[in-house]
Trainee: 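Quick one: the structure is below, questions incoming.
Scope of the values below: all heavy atoms of this structure, side chains included, with no hydrogens, waters or symmetry mates. The shown structure was predicted, so the numbers you read here are calculated from the model rather than taken from an experiment.
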Amino acid sequence: MMKKLIKRFCAAFLALGLIAMNTLPVLASGFDSSVKEGVAAIATYIEIADEQGIYSSGTCFFVGDLNKNAEYLVTNYHVIADYYENGEGRTIDYSPGDGYTYPLRLSMRVYYDQDSYDEAYVVECDAKKDLALLRLDSPTNRRHTLPILAPTEDMVGSTVYAVGYPGTADNPYYAPVSTWGIGDMTVTQGAVSRLLTTKGTGVKAIQTDVQIQHGNSGGPMVNTKGQVIGVNSGAYIQADGIEIENVNYAIDVNELIPILDRNGVPHPSGGGSFPIIGVIAAAGIIFIIVIVLVLVLVSSKNKKSRTPAAGPVRQGAVGGANGANAAAANAANAAQGIPAVRSLSVQHNGQRVSLKDRQIMVGRDRESCAIVFKEGTPGVSGRHCNIAYDSASGDFLVTDLKSTYGTFLANGQKLEAGQAYRLRPGDSFYLGEADNALRVELA
């Protein structure tokens, strides 16, 4: 009798699950409003002499682990270009041509509403791709991260949405702004027209008929499941400055994903919010699994086990005790986090680059170095040093590449060129001068 009841319950929940599976695509169509919780306004804040205020603004969205507080954000390079090219937060001298020089400082602010904000710092940017990855000083719970999905040709013709704060970017100094709350952002609907590679630059882009206005720059283009497939860039502008109606572009997230990978920022595809019937279906499936497990356990108790008792653990023929210790060390290292190197130089604003499954070079050469120092930085060569991570020992390996000024440990010891030196997580070293310091860490 009990078995029959269990079978009926299982059949009922299975039927409900099948109904939910067929219904989900219908209920999931349309804009996922939870996307707004992952979007914010970003503004360049200017302080010059005794004056201060918002200089220009755009839109940004948060990326990273879907189960953790938001820390990393993405926008267009042109949104942060003034900040990046004028001191990156440091005070510089500015001469407007009136015969005087004024102290000027720019900062990037991520606004959650008109009165609350966090400062953001550049992790990596690419002017050609018009992309910038930034981070907050500490994670926030004011916004959540958004899932990312690389677009494919079968998405052409599908519905997409541009989310952001139009009408607020590229305004003159002290542009009037009302408020930047979640309820103030706009959602514009359209379709994917085609996927393309732009002539001359090779940058992958998404052509769409979604109207992307000033201020939408840097915001996400999402599908009906709330997954980001592109970074809103702008409308097509002819040589005479006239916009062509319904021809707008977003940067394909295939251009963004390598930047996230280089900096150890996860980018799960997620899937947006689920309708309630999907939750019920999931509960039904879990119920079925629990019932099956209970039946298996009851059955196993009524039978005499034929499995022999487990004997003592023996060392394998390969590795022996040393192999076991190495495996334990590997597991401990993996549990601590992703190996990375962080620049402590003020010109990088805390840039961190992942060393997971790769080694990197540091120096002034933009083509080959993952952490690039500006031309003319005292003490830094074009290809100054190499950094790698030894997963077997949990050590970081730093090798000077015959640099002109040398690579030094924190205690001032100079590294012999071509010789790998082992550092532990948290150790620091510098290139030529103490101002060009870096730190290895498990993040």
Side-chain angles (χ1 to χ4, degrees), residues 28 32-40 42 59-75 108 110 112 117-126 131-151 163 182 218-223 225-231 251-274 278-279 282 330-343 349-358 360 370 389 391 394 425-426 439-443:
D32 182 349
S33 60
S34 69
V35 168
K36 290 185 176 183
E37 299 285 348
V39 181
I42 183 168
T59 304
C60 65
F61 63 94
F62 286 90
V63 296
D65 193 324
L66 299 178
N67 298 313
K68 294 183 179 180
N69 285 343
E71 179 181 8
Y72 292 93
L73 54 130
V74 172
T75 188
M108 296 306 304
V110 176
Y112 308 115
Y117 67 88
D118 281 327
E119 279 202 19
Y121 311 98
V122 175
V123 175
E124 183 176 339
C125 57
D126 191 317
L131 290 174
L133 174 66
L134 296 85
R135 67 171 180 83
L136 305 179
D137 183 53
S138 59
T140 180
N141 60 6
R142 300 292 299 272
R143 292 291 191 272
H144 65 61
T145 55
L146 297 179
I148 292 177
L149 180 67
V163 185
I182 288 177
M221 175 169 288
V222 300
N223 60 15
K225 295 181 180 179
Q227 297 161 306
V228 181
I229 66 168
V231 182
I251 307 302
D252 191 320
V253 295
N254 279 303
E255 299 288 3
L256 172 64
I257 289 173
I259 296 176
L260 301 180
D261 287 340
R262 281 197 296 272
N263 293 282
V265 181
H267 44 85
S269 61
S273 60
F274 293 95
V279 177
N330 289 344
N333 290 332
Q336 292 182 52
I338 298 173
V341 58
R342 184 185 297 276
S343 173
N349 288 310
Q351 177 184 359
R352 178 170 61 84
V353 176
S354 171
L355 296 176
K356 185 178 181 181
D357 301 325
R358 69 171 185 153
I360 68 165
Y389 179 69
S391 59
R439 183 176 65 229
V440 292
E441 57 190 32
L442 289 173

Trainee: Listed by chain and number, what are the salt bridge (charged side-chain N to carboxylate O under 4.0 Å, His left out) partners of Arg342, not counting sequence neighbours?
Mentor: Glu441

Trainee: Between the side chains of Asp118 and Tyr112, does any donor sit under 3.5 Å from an acceptor?
Mentor: yes

Trainee: Any side chain to side chain donor-acceptor pair (under 3.5 Å) involving residues 251-260? Give me the pairs, sequence neighbours left out, ordered by first then second residue.
Mentor: Lys129-Glu255, Asp252-Asn254

Trainee: If we check side chain to side chain contact (heavy atoms under 4.5 Å, CB included) with Val63, which of these qualifies: Leu73, Ile148, Val253, Ile259?
Mentor: Ile148

Trainee: Can you name the side chain to side chain donor-acceptor pair (under 3.5 Å) partners of Asn263, sequence neighbours left out?
Mentor: Glu124

Trainee: Quick one: ring pair (Phe, Tyr, Trp, His ring centres under 6.0 Å) partners of Tyr121, sequence neighbours excluded?
Mentor: none

Trainee: Is there side-chain contact between Leu256 and Val74, with heavy atoms separated by less than 4.5 Å?
Mentor: yes

Trainee: Any side-chain heavy-atom pair from Phe62 and Leu136 closer than 4.5 angstrom?
Mentor: yes

Trainee: Please identify each residue that fulfils side chain to side chain donor-acceptor pair (under 3.5 Å) with Thr140, with sequence neighbours left out.
Mentor: none

Trainee: Please list all pairs passing the side chain to side chain donor-acceptor pair (under 3.5 Å) test where one or both residues lie in residues 65-75, with sequence neighbours left out.
Mentor: Tyr72-Arg352

Trainee: Checking side chain to side chain contact (heavy atoms under 4.5 Å, CB included) against Cys60, which of Val231, Leu134, Val110 comes through?
Mentor: Val110

Trainee: Applying side chain to side chain donor-acceptor pair (under 3.5 Å), name anything that partners Asp137, two or more places apart in sequence or on another chain.
Mentor: none

Trainee: Applying side chain to side chain contact (heavy atoms under 4.5 Å, CB included), can you list everything that pairs with Pro258, at least two apart in sequence or on another chain?
Mentor: Arg262

Trainee: For Glu119, check salt bridge (charged side-chain N to carboxylate O under 4.0 Å, His left out) against everything at least two apart and list the hits.
Mentor: Arg105

Trainee: What I'd like to find out is whether the side chain of Leu149 reaches to under 4.5 Å of the side chain of Val228, using heavy atoms alone.
Mentor: no

